[in-house]
Amino acid sequence: MGMPHKFGMFVHWGIYSLTGYHEQARWRFFTPRAEYRKLMNEFNPVKFDPDEWVRLAKDAGMEYICFTTKHHDGFCMFDTKYTDFNIMNTPYHRDVLKELSEACARGGLALSLYYSNPDWDYKYGFNSHSSHQMPEKGDVEDIEKLKEFQKNQIRELLTNYGKIYTFFWDIPMNIYDPSMNEFIRSLQPGILIDDRGWGDKGDFSTPERCVPDGHKFERLTEACQSVGEQSWGYCADEDYFTNRYLTASIDRIRAMDGSYLLNVGPMPDGRIPERSAEIVRRVGKWYNSVKEAFDTEPYLLENRSLVCTKRGSTLYVHIPDGLNSRGLTLKPIDVLPKSVTLLNDGRKLKYAITTRPEDKGWSAPDNILRRQTLHIFDMPADEFADETMVLRIKLDEGKIEV
Ligand code: FHN
């Protein structure tokens, strides 16, 4: 069954976008806290239009948005009583999370909340058991105080912004306290929680920037990846991923019944960079054409570079690594299908069962050349070299053995 929502937009947005560099710019530039805090006075995203974000996501076939309410820098993109380091104290003075939650509700998208465990601004935020820490002189490690602080903010997040789909803790605490997830569930029964919180595995796993081995995930899984290799937050010199790479990665994760969060990093003025938006649109066009091939069962082909899924007597052959030629033989399929369609653009493809030697008047030893294989011809391999092709092969009822 997998996660209830299958494809979503991750959004890393905060005052770090002003650096045009990275969501962890403060860490990478060794910026003192007081210096970094000054960015708050410059943050004024006057072009923030959450309905536009929602439209972009929906058109791409996405069903939810996961928003960074607070990243490691500790800056809160929501109205919180528990630190002054928040969006209400910028020249913008508006609760962007509130506006996003309303836009999601209007547009019919679910909303997930990302919340970082590391907090480089909170005096008691240091956790010597974990990574991504940036304590300053005078800070005190006090896990109980940190817990209280988090609970106060979580109460705000889970009571003021409507129904929340998932809670995405980031950077495991490496301290076991199941009461934290229990607290979340008490505020939002039915919420799904990731595996990066306070020591318990939560409801779902979160492979990041990778595609794990296998054919089917053992537990609920949501993979995440950004549109570019450099950063999750806005990066002026981003190395954007190719369409070939992103469609292959989404395809493999979805074929294993994982869901996929594709990240963008909005600019300081609130707009999603056009190149990122273009990637979302292009990937989305592909996703919308091929998505019937997911939420299926895995099926194993002899050609391991292909991914194959099935539903009833329909087989889907995914080609994430591209083709070297225009043809494909599909062992062990040896029956003539009713049709073979390239889902990417809906065209019908030519196919046949490999010629039997006896048809040529030549008798070969049993079990050597007798084997018949479905052969697909004249595929538009060059035309679709930069995206994962997915074929729909319709067979007669009962023709597939798993
Ligand atoms: O350190 C962060 C990183 O900046 C980003 O937020 C990703 C998204 O999953 N999580 C962390 C690394 O695992």
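Numbering of ligands and ligand atoms starts at 1, following listing order. Along the sequence shown, residues are numbered consecutively beginning with 1.
Less than 4.0 angstrom separates some heavy atom of H72 from each of these atoms of ligand 1: 1 (O), 2 (C). Residue Y114 has at least one heavy-atom neighbour below 4.0 Å for each of these atoms of ligand 1: 6 (O). In summary, the atoms of ligand 1 found under 4.0 Å from a heavy atom of H132, numbered by their order in the structure, are 1 (O). Close approach of ligand 1 to Q24 is summarised as follows: ligand atoms under 4.0 Å from at least one heavy atom of the residue are 1 (O), 2 (C), 3 (C), 4 (O). Atoms of ligand 1 lying under 4.0 Å from at least one heavy atom of D170, given by number and element, are 2 (C), 5 (C), 6 (O), 7 (C), 10 (N), 11 (C), 13 (O). Close approach of ligand 1 to H71 (heavy-atom distance below 4.0 Å) involves ligand atoms 3 (C), 4 (O), 5 (C), 6 (O).
The only member of D194, D195, N181, T206 that meets side-chain hydrogen bond (donor to acceptor under 3.5 Å, both in side chains) when paired with W169 is N181.
Closest heavy-atom approach to atom 6 (O) of ligand 1 within the set E23, R196, H12: this belongs to H12.
Taking the centre of each ring, F29 and H22 stay at or above the 6.0 Å mark.
Annotation: side-chain hydrogen bond (donor to acceptor under 3.5 Å, both in side chains) contacts of N288 (sequence neighbours excluded): K291.
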Salt bridge (Lys or Arg N to Asp or Glu O under 4.0 Å) between R26 and E136, worked out: CA-CA 12 Å; R26 186 182 156 205; E136 281 205 346; 3.0 Å; yes
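Side-chain contact between L328 and M379 is present, with heavy atoms from C-beta onward closer than 4.5 Å. Side-chain contact between W286 and T388: present, with at least one pair of heavy atoms (C-beta onward) separated by less than 4.5 Å.
In this structure, the protein non-hydrogen atom closest to atom 9 (O) of ligand 1 is E208 OE1, 2.8 Å.
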